[in-house]
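Structure, as structure tokens:
Here is the naming used below: chain letters follow the sequence lines, and residue numbers restart at 1 for every chain. All values below come from the heavy atoms of this structure, side chains included, with hydrogens, waters and symmetry mates left out.
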Amino acid sequence: MARHSWTVARSSNSAGSRRLSRRFFDRPTVTVARDLLGAILRNGPRAVQIVETEAYVTNDPASHTFRGPTRRNRSMFGEPGTLYVYRIHQVVCANLVTRRGEAVLLRAGEPLTPGLPSPSGPGRLCRALGISLADDGVRTPTDPRIRVDSRQDGRRSIAVGPRVGIRRAARRPLRFALKGNRWVSRPAVVGNRRRSPRGPNRA
DNA sequence: CTTCAGATTATCT
DNA sequence: GATAATCTGAAGT
């Protein structure tokens with residue numbers, strides 16, 4: 001290969017970081033969920049590093065698209081990289097669409113902007129970044145304000161475990177987190193967790 | 001129209 | 001660990 005010395009712009013701001021393209025998101029959802037760990041989510045001047053994600057896939061009873069298109073999940077059928085924002089109780093949560101009807105829930109981030117409120121938890125992440133329902137449908141590969149940039153440092157160890165806060169199909173290992181990161185919303189699953197013999201009420 | 005459950009979080013014991 | 005808050009989307013009548 002040519003010996004050209006790459007003129008790597010070392011701006012202290014976004015050195016080596018590039019915006020994740022539509023192509024990045026147009027891959028299997030689990031792959032995207034893993035690869036998003038360490039990526040940078042920006043809304044204008046505010047930024048976090050993504051440290052925890054969950055995959056919601058086709059034929060997944062826990063997915064909002066399980067029963068087909070509705071008004072709420074419309075943007076989950078948008079092009080890869082589209083932001084799907086929904087409301088749950090008094091907060092909003094954000095997803096990045098991968099393939100048609102599939103998406104990655106952004107569960108936690110590590111603050112990169114000084115003074116940012118805690119982004120640990122899907123609702124808190126949106127609040128910290130100022131993401132609202134009005135941002136539903138934003139196309140992050142091209143949007144001027146909300147964007148996702150590639151990670152700058154190398155890949156780190158990833159913890160995998162069951163998803164959080166859902167009843168149906170919760171045990172599928174579709175939750176991913178940067179191992180040991182303090183901003184993960186709940187402790188990363190290390191091994192099998194012993195269950196109490198007497199479970200909660202069952203129907 | 002009515003009913004119901006929820007991809008959460010803060011706060012309590 | 002358990003629960004109320006709080007309100008909308010979606011499904012049922």
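- From A:L105, atom CG reaches atom CZ of A:F176 across 12.0 Å, with rounding to the nearest 0.5 Å.
- Geometrically, A:R163 engages A:Y56 in a cation-pi contact defined by less than 6.0 Å to the ring centre and at most 45° from the axis.
- The distance from atom CG of A:N73 to atom P of B:dG6 is 17 Å, rounded to the nearest whole Å.
- A donor and an acceptor atom, one from each side chain of A:T70 and A:N73, are located under 3.5 Å apart.
- Rounded to whole Å, the distance from CZ on A:R163 to P on B:dG6 is 14 Å.
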Please assess A:F25 against A:T140 for the test side chain to side chain contact (heavy atoms under 4.5 Å, CB included), listing each intermediate value before the final yes or no. CA-CA 10 Å; A:F25 296 100; A:T140 65; 4.0 Å; yes
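- For the segment residues 120-139 of chain A, no residue has any heavy atom less than 4.0 angstrom from an atom of DNA chain C.
- We find the CD-CG distance between A:E52 and A:L106 to be 10.0 Å, quoted to the nearest 0.5 Å.
- Residue A:E54 contributes atom CD, which lies 12 Å from atom C1' of B:dT8 at whole-angstrom precision.
- A 4.5 Å side-chain heavy-atom check between A:L37 and A:N181 finds every atom pair outside the cut-off.
- Between A:R145 and A:D135 a salt bridge is recorded (basic side-chain N to carboxylate O distance below 4.0 Å).
- The outermost nucleotides of DNA chain C lying under 4.0 Å from heavy atoms of chain A, listed 5' to 3', are C:dA5 to C:dA11.
- Proximity of a side-chain donor or acceptor of A:N43 to a complementary backbone N or O of A:L129 within less than 3.5 Å is detected.
- Side-chain contact between A:L83 and A:I146 is present, with heavy atoms from C-beta onward closer than 4.5 Å.
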Distances under 3.5 Å only, N/O to N/O: pair up the protein atoms with those of nucleotides 11-13 of chain B.
none

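- Between the side chain of A:R100 and the backbone N or O of A:F77 there is at least one donor-acceptor pair closer than 3.5 Å.
- Comparing C:dT6 with B:dT2, their P atoms are spaced 22 Å from each other, to the whole Å.
- A salt bridge does not link A:D149 to A:R18: none of the charged nitrogens lies less than 4.0 Å from a carboxylate oxygen.
- The main-chain N or O of A:F24 is found under 3.5 Å from a side-chain atom of A:R27 such that the two form a donor-acceptor pair.
- Contacts between residues 84-97 of chain A and DNA chain C, defined by a heavy-atom separation below 4.0 Å, involve A:R87, A:H89, A:Q90, listed by number.
- Cluster partners of A:I40, using a side-chain heavy-atom cutoff of under 4.5 Å among ILVMFWY residues and allowing indirect links, are A:L112.
- Remark: side-chain polar atoms of A:T53 are paired, donor with acceptor, to backbone N or O of A:A33 under 3.5 angstrom.
- Taking 4.5 Å as the limit, every side-chain heavy atom of A:D136 sits out of range of all side-chain heavy atoms of A:R72.
- Base-pairing analysis of DNA chain C finds the following stems of at least three consecutive Watson-Crick or G-U pairs, with both pairing distances under 3.5 Å: B:1-6 with C:7-12, B:8-12 with C:1-5.
- Following rounding to the nearest Å, A:D60 (CG) and B:dA7 (P) show an atom-to-atom distance of 11 Å.
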